[in-house]
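Each remark here refers to the structure printed beneath this line.
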Amino acid sequence: MAQVARLYPQRPGKWIPAFAGMTAGMWWPRSLTSNIPAYAARNQPSLPRSIPRRAGMAWHPAMIAAIATLLLCQLLGEGIHLLSGLPLPGAVIGMFLLLGWLLLRPGERPTLVQVSAWLTAHLSVMFVPAAVGLIEEGPVLAKNGVAIVVATLASTLLTMAVTALVFRWALARTEPTA
Amino acid sequence: MTATWHTLQGTPLLWLAVTLLVFEGADRLSKRSNRHPLCHPVLLATPVLIAILLATRTPYPVYAQNTAMLGFLLGPATVGLAVPLWRNRALVRRAAGPLLLALFAGSLTAIVSVTGIVWAFGGSAQILATVAPRSVTTPVAMALAQQLGGIPALAAVVVLIAGVFGAMIATPLLNALRIQDYRVRGFAAGVAAHGFGTARAFQVDELGGTFAGIGMALNAAMTALLLTLWAVL
């Protein structure tokens, strides 16, 4: 055990093999091999067995299922979108489908939570290529740029104020103590 | 040399590497600025990438085609927005009535005000379709803009501007309105400024951040439904 542990020191945040702690002792009676460095060295994790693991995000087989779930919902949503001709984007229909599915089937889903949180955390990089598409919109921007910026700023301010005021008003009616 | 360049220019390898490198640099700058909304990595990375495309004379379609993998992830990410809603279902249920009322009011205000102002400036139908989904999270906004006949790239930038501005005004505006309940403050930030508002709300208060996330996800759904209704009518 000590031999392998020394070969793969567990530093938090670094990539370590998932089976770093697994030694000959797990396959043979410990007393026979654990003190023999040659055995420990021979049984060090082989390449396919060493799965990268990190402090924040552990990669494990259930993640395939979580990704498949997300893709299946999107696929069904896209199918519904194409078949029904609804102008609702397929991914948004997929979001409703996933929400319905989660509400209908109780249970904790730590992996799905982890995967979708990871995707949400990295949304920014995903729309960079689209934002670079502005390169082709020069004429549109020159013509409408001011209007778009003014409208966006004013609308953001109004939306926030209206949402907050309506929410406070409605809460005060339903929760008189608050 | 030129032959090598021409081969690489048509590969996702080159453009994904360049995009991720530039983004990583921008992200580090943003981190250094303590995540100031004006230093958002997309705002910093986009001009740099545009300059690289111009300098290398790469047509945008070539770049777009070779970075399509990144855009593809927006789909599953959108589907994944259902997960935080589901996780916070108890919170949502407890204030369901006021929440939905505020959501409807906010969503309608967002659509009507932004399209109204652009229309008053004489914007075309294409521009109206581009700005209409401005208060929802980027992937949904881009999909909606495309669906309604707008320009997805411009929609992404409009949403970005709304987010940056929303995150900057949230605290002073909500203070001026004397809103004290963190649920209300967070929800308003999430509805009006999607991910930016949510990130800002989380900096201030945990419950506020959660409600901002709820507001962002619900608003994506509500705006999609309202705009769909609008398109059908």
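Convention: sequence-line order gives letters A, B, ...; per-chain numbering from 1.
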Revision key, fill the gap. Turns out that what part of B:A231 lies under 4.5 Å from chain A's heavy atoms comes down to side chain
Check your understanding: Does any heavy atom of chain A fall under 4.5 Å from the side chain of B:P59, the backbone, both, or neither of them?
Key -> neither
Point to revise | Choice from B:D27, B:L177, B:V164, B:L53 maximising heavy atom contacts with chain A below 4.5 Å | key: B:L177
Exercise for review: Check whether B:V157 gets within reach of chain A through its side chain, its backbone, both or neither, counting any heavy atom under 4.5 Å.
Suggested key: side chain
Exercise for review: Select one option (side chain, backbone, both, neither) describing which atoms of A:L157 are under 4.5 Å from chain B's heavy atoms.
Suggested key: both
Check your understanding: Is chain A contacted by the side chain of B:L99, its backbone, both, or neither, given a heavy-atom distance below 4.5 Å?
Key -> both
**Study point:** Part of A:H122 lying under 4.5 Å from any heavy atom of chain B
**Key:** neither
Practice item. Go through B:V131, B:L227, B:L173 and name the one with the most non-hydrogen pairs under 4.5 angstrom from chain A. Key: B:L173
Review point. Quick one: what part of B:T130 sits under 4.5 Å from any heavy atom of chain A, side chain, backbone, both or neither?
Key: neither
Point to revise | Residue B:L160 versus chain A: region with a heavy atom under 4.5 Å | key: side chain
Practice item. For the pair A:R105 (side chain) and A:L103 (backbone), establish whether a donor and an acceptor sit closer than 3.5 Å, ignoring hydrogens and angles. Key: no
Study note, to complete from the structure: Under 4.5 Å to a heavy atom of chain B? For A:L71 that would be side chain
Point to revise | Residue B:M69 versus chain A: region with a heavy atom under 4.5 Å | key: neither
Practice item. Can you tell which part of B:L154 gets under 4.5 Å to a heavy atom of chain A, answering side chain, backbone, both or neither? Key: both
